[in-house]
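Quick notes on the structure that follows.
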Amino acid sequence: MDGIVTEIRDTLVRAGSAEVRAHSDHFFKKDEEIDPYGVKNAEIKAIAKSAAMRLADSPKADVLAICDELWRGKYEEMVIACELAYSRRDEFVQADMRRFDRWLDDHVRNWAVCDTLCNHCVGAIVEKYPKLLATLRKWTRSPHRWKKRGAAVSLILPARKGLFLADIFRIADALLPDPDHMVQKGYGWLLKAASEAHQDAVYDYVVSHRHDMPRTAYRYALEKMPRERRAEAMKK
């Protein structure tokens, strides 16, 4: 375990650049923590893919232990931890949700890592074990902004498949009054994703909340709607 973690870190150090580090700052707000090596996204994914291939025959428990160690590092290591864990999604068991919950609590401090973990690992395990939707509903009541955003963005991929519409509306209901713009963007994105399979239901939901849904979420939710529907919704 120590050997591959060291190799990943050494590779990131060699690939990092001051120019990419400086450019990264443009994508995050001042209240978000980001401590990168300065590696481009394509390179991060390539490093993660290479590591996953090398670990393909290793027990899932060993891979997740490596992920635990990577979560203690810099931004790129956290992204690689998400990708490595996701590479073993076919082996997820319901109890793995506790680990993902802990990663979110202990380490996630910016939207990019939140979305990588939740879109992939959390979304996959919830789709496999729908009882875990109760965990997402619990996250909506957390004081932790990234858990609240995570409650929404974990369902992006299932939403595009037409899954869990009632739970999507329940999560949006719970997050509706939240003043945090990152939470608003999260559930707005979720509603937009759900509209791909359930356009009428999502349109009706969004318009019914036109007076209490923040403008940021409202606009996000309508982005995939036909132009005529968007125009009509914006007049109301």
Side-chain angles (χ1 to χ4, degrees), residues 1-92 96 99-125 144-147 149-150 152-154 156-157 160 180-183 185-186 189 193:
M1 182 182 77
D2 291 341
I4 194 163
V5 170
T6 299
E7 286 182 35
I8 288 170
R9 287 175 174 159
D10 288 347
T11 303
L12 290 169
V13 168
R14 291 193 300 271
S17 77
E19 181 180 358
V20 174
R21 278 197 300 276
H23 187 64
S24 297
D25 290 339
H26 296 300
F27 295 97
F28 300 93
K29 302 294 185 182
K30 291 182 179 179
D31 57 354
E32 296 181 73
E33 295 178 25
I34 174 77
D35 179 25
Y37 289 98
V39 180
K40 293 181 179 179
N41 286 334
E43 292 180 83
I44 298 171
K45 288 182 181 274
I47 294 167
K49 183 177 181 180
S50 175
M53 291 175 64
R54 287 183 57 190
L55 293 165
D57 294 326
S58 299
K60 185 193 74 173
D62 290 352
V63 174
L64 294 182
I66 290 169
C67 295
D68 283 335
E69 179 59 31
L70 290 170
W71 274 105
R72 299 184 179 97
K74 292 178 179 287
Y75 165 73
E76 292 90 344
E77 292 168 67
M78 296 180 188
V79 173
I80 291 171
C82 297
E83 297 290 349
L84 279 179
Y86 187 61
S87 73
R88 309 307 286 265
R89 59 193 176 277
D90 290 344
E91 301 172 59
F92 284 171
D96 289 328
R99 190 183 228 111
F100 303 153
D101 191 309
R102 174 168 52 80
W103 287 347
L104 191 52
D105 254 340
D106 293 349
H107 302 294
V108 173
R109 298 294 180 267
N110 62 71
W111 66 263
V113 176
C114 174
D115 293 0
T116 304
L117 173 62
C118 293
N119 277 176
H120 295 160
C121 293
V122 180
I125 200 170
H144 188 340
R145 73 188 302 199
W146 303 118
K147 274 201 154 174
R149 180 180 171 95
V153 301
S154 293
I156 297 294
L157 298 184
R160 288 175 178 160
D180 190 319
H181 67 284
M182 296 307 297
V183 176
K185 288 180 178 179
W189 182 18

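These values consider heavy atoms only, across backbone and side chains, with no hydrogens, waters or symmetry-generated copies.
A 6.0 Å sphere centred on NZ of Lys74 holds more than 12 heavy atoms belonging to other residues, nucleotides or ligands.
The side-chain heavy atoms of Cys118 and Leu104, taken from C-beta on, include a pair separated by under 4.5 Å. A heavy-atom distance below 4.5 Å is not found between the side chains of Cys82 and His120. Here the side chains of Trp103 and Asp68 are in contact, with some heavy-atom distance below 4.5 Å.
Relative orientation of the Trp71 and His107 rings is parallel, given thresholds of 30° and 60° on the angle between their planes.
Atom CD of residue Glu91 and atom CG of residue Asp96 lie 9.5 Å apart, to the nearest 0.5 angstrom. The distance from atom CD1 of Ile4 to atom OG of Ser58, rounded to the nearest 0.5 Å, is 7.5 Å. Between atom CG of residue Asn41 and atom OG1 of residue Thr116 there is a gap of 8.5 Å, rounded to the nearest 0.5 Å. The distance from the CH2 atom of Trp111 to the CZ atom of Arg145 is 12.5 Å, given to the nearest 0.5 Å. If you take CG on Leu70 and CG on Leu84, they are separated by 6.5 Å, rounding to the nearest 0.5 Å. Separating the OH atom in Tyr86 from the SG atom in Cys67 is a distance of 14.0 Å, to the nearest 0.5 Å.
The minimum heavy-atom distance between Val39 and Glu76, with the atom names listed, is N-OE2, 3.1 Å. Tyr75 and Ala112 make their closest contact through OH-CB, 3.7 Å (heavy atoms, listed as atom of the first residue, atom of the second, distance).
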Test salt bridge (Lys or Arg N to Asp or Glu O under 4.0 Å) applied to Asp35 and Arg109, step by step
CA-CA 10 Å; Asp35 179 25; Arg109 298 294 180 267; over 6 Å; no
Determine whether Lys147 and Asp101 satisfy the following criterion, side chain to side chain contact (heavy atoms under 4.5 Å, CB included), listing intermediate values before the conclusion.
CA-CA 9 Å; Lys147 274 201 154 174; Asp101 191 309; 2.5 Å; yes
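Remark: the Asp105 side chain and the Trp146 side chain contain no N/O donor-acceptor pair separated by less than 3.5 Å.
Ile8 pairs in a side chain to side chain contact (heavy atoms under 4.5 Å, CB included) with only one of the listed residues (Leu12, Thr6, Thr11, Asp10), which is Leu12.
Looking at Glu43, its side chain never comes within 3.5 Å of a backbone N or O of Ala15 through a donor-acceptor pair. Between the side chain of Ser154 and the backbone N or O of Gly150 there is at least one donor-acceptor pair closer than 3.5 Å. A distance-only check finds a donor-acceptor pair linking the side chain of Asn119 to the backbone of Val153 [under 3.5 Å].
With Phe92 as the aromatic partner, Arg89 does not meet the cation-pi criteria of under 6.0 angstrom to the ring centre and within 45 degrees of the ring axis.
We find that Arg88 and Asp62 are not joined by a salt bridge, their nearest charged nitrogen and carboxylate oxygen being 4.0 Å or further apart. Under 4.0 Å is where a charged nitrogen must lie from a carboxylate oxygen, and between Arg149 and Asp180 no such pair does.
Arg9 pairs by the salt bridge (Lys or Arg N to Asp or Glu O under 4.0 Å) definition with Glu69, Glu77, not counting sequence neighbours. Not a single salt bridge (Lys or Arg N to Asp or Glu O under 4.0 Å) links Arg21 to another residue, sequence neighbours left out.
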